[in-house]
Amino acid sequence: MKRDVDSRKLQKNYDIAQPDLKDVEKKMNQSKTGAAVSWFFIIAAIVLIQFSIYRKSSDAPYDDSAAGMQIQLSAKYITGIKQMTGQNPMMQNRLDQMEQQINNYQGGKKHLAGIPVMAEISGREAAMKELDRMAADPDSVSDSSNLPVFYRLYHDGSASLDSTELNVLKDYGWVGRLALSQDKSDTDPERRAVLQSASRLVLLAGLLTMAAVAVLIAGVILFIITMVKGIKGTIKSNLVMPETPGVLLLETFAIYLVLSTSLPLLLVLIVPGFSEGRILMSVAAGLLPILWPLFRGAKWNEYRTAIGWHRGKGIFREVGAGIVGYITGLPLMVGALIIVMILVKHTGTTPSHPVVFELNRSPLFIFLLASVYAPFVEETLFRGALYGYLRRSLPWAVSGIITGFIFAILHPQGWIAVPIIGVIGFNFCAIREWRGSAIASMTAHAMNNGSLMLILIIALS
């Protein structure tokens, strides 16, 4: 009798457990389906973005904006050296190097941005002779449509230019201002301001070089210490991965890629020529997917823990850890940068981010976009969602390499920049693993982008 009662209880418990087992099995199948669909869209978005980058590079083999910016920095530096050291044989050597850089940049074409510095170093007559050669063969000049403006300036003077021609020269940034001041005395306020700006760039370059050497030495020391501690196993991970939201993290990242590729294209179709709208759509594409797990019913505390939205061991301590982590990764970044420089030398292609060319028009907005918005969104989605999902089933280094690689190939600089951007992304993953909180990796990201943007803003002003 007792055995019958016990057997009925067991059967009852089994019947109760069956739906739970079916629910678990159903959730597992849903997770597999969600992961498969997410990876499909991730791969599709990567292919589409890479095709878009390739198409732009093939349709426009000569990047006039990139060339102009690179030449502008070289011209400004050479002019600053002359202001500080005077005319000397080395100046002509530097000018020859810059001329070679102009002629070999991409497609073997010349660029008018080199004319003003030629006038400064070799004299106005040399610049006019070069303009005559360009005018005889306009197809050899990348920005040949502006030849008449430069020709009029150096043959007739700045007073001969109308407002439209003045605006053309202003589009060349500092080089344009140097060109407009070429027939003024060094005591003229406008010309003095242009020349002082060049001298400041030389001083900035010197200070940055000394600071970079000091920071790199600190980075090498920290890197060695980290390696020793890693071998001994004394570095502990503070990454916490709750059971949920699970595959929702991967879905979030997939939605981010789909929106970031589709929304800007949709805007172009609806409002052609609205370039500012592309940036706004990209911002929306980064923020909207973050809400997806909450929409799907994920618990807030578990979700924010999974993506690193917590204070860790304290905000200020995490910020400090982000700075230390970034400096520790510098030796790896320098090694990757050397690889990129070798690739640049052999391919003749210089990687550049399109957003950099907006600096002259809206420096503050671009600075905030690069050093505040990008660290917040990209660390949440790459090191929070993508890395968090991969880390559930893979070792941290493998997860970091995959995340870093995807992070690199999604940037518009192209394949030539993958080594350096990939290493930077891997370093952010290591910081996220070490600290758990995304505050540290966001700090490192902001430090990386902010310093580069600040240097460019000062250099191009």
Side-chain angles (χ1 to χ4, degrees), residues 64-65 67-89 91-103 105 109-202 357 359-361 459-461:
D64 183 63
S65 299
M69 182 172 292
Q70 186 175 355
I71 295 166
Q72 176 171 310
L73 289 174
S74 298
K76 192 173 184 180
Y77 184 77
I78 293 172
T79 305
I81 289 289
K82 180 190 175 184
Q83 291 301 306
M84 299 181 71
T85 64
Q87 188 75 31
N88 58 72
M91 295 305 304
Q92 187 60 45
N93 291 335
R94 288 182 178 274
L95 183 62
D96 292 340
Q97 291 173 4
M98 193 189 81
E99 186 175 0
Q100 184 178 6
Q101 173 192 12
I102 295 171
N103 294 337
Y105 185 75
K109 291 193 174 184
K110 297 180 180 181
H111 198 284
L112 286 169
I115 294 297
V117 71
M118 183 179 291
E120 290 296 319
I121 306 304
S122 301
R124 186 177 176 183
E125 291 297 325
M128 288 192 292
K129 288 180 180 179
E130 180 62 24
L131 281 171
D132 289 336
R133 286 192 288 269
M134 289 181 172
D137 185 16
D139 291 338
S140 66
V141 184
S142 66
D143 47 347
S144 58
S145 61
N146 295 331
L147 260 171
V149 178
F150 277 81
Y151 198 87
R152 183 191 294 271
L153 172 66
Y154 282 95
H155 282 78
D156 302 331
S158 57
S160 66
L161 302 179
D162 58 30
S163 59
T164 302
E165 292 170 326
L166 288 172
N167 288 331
V168 168
L169 287 170
K170 288 177 182 178
D171 287 339
Y172 282 81
W174 179 87
V175 169
R177 297 199 301 274
L178 177 68
L180 287 171
S181 70
Q182 51 86 28
D183 54 357
K184 296 180 173 64
S185 67
D186 288 352
T187 58
D188 180 85
E190 181 181 341
R191 179 166 173 80
R192 186 169 64 247
V194 172
L195 297 178
Q196 286 176 348
S197 176
S199 299
R200 285 197 299 270
L201 176 62
V202 175
F357 307 128
L359 279 173
N360 286 327
R361 291 194 296 177
L460 294 172
S461 62

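Values below: all heavy atoms of this structure, side chains included; hydrogens, waters and symmetry mates excluded.
The distance from the OH atom of Y154 to the CE atom of M118 is 10.0 Å, given to the nearest 0.5 Å. Of the inter-residue distances, the one linking R133 atom CZ with K129 atom NZ reads 8.0 Å to the nearest 0.5 angstrom. To the nearest 0.5 Å, atom CG of residue D183 and atom CZ of residue R124 are 6.0 Å apart. Separating the CD1 atom in I81 from the CD1 atom in I78 is a distance of 9.0 Å, to the nearest 0.5 Å. Taken to the nearest 0.5 Å, the CG atom of L131 stands 9.0 Å off from the CG atom of L153. Rounding to the nearest 0.5 angstrom, the gap separating the CG atom in L195 from the CD atom in E190 is 10.5 Å.
Applying the side-chain hydrogen bond (donor to acceptor under 3.5 Å, both in side chains) criterion to R191, with sequence neighbours excluded, gives E120, S181, D186. Applying the side chain to side chain contact (heavy atoms under 4.5 Å, CB included) rule to R200 yields the partners Q196, S197; only residues at least two apart in sequence or on another chain are considered. Every ring pair (Phe, Tyr, Trp, His ring centres under 6.0 Å) that Y151 has, sequence neighbours left out, goes to H155.
A127 and A119 get closest at one heavy-atom pair: CB-CB, 3.7 Å.
Looking at heavy atoms from C-beta onward, L112 lies in side-chain contact with Y172 at the 4.5 angstrom threshold. Residues I115 and V175 have side chains not in contact (no heavy-atom distance under 4.5 Å, counting atoms from C-beta outward).
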Give the intermediate values and the outcome of side-chain contact (heavy atoms from CB on, under 4.5 Å) for residues L180 and L161.
CA-CA 10 Å; L180 287 171; L161 302 179; 3.8 Å; yes
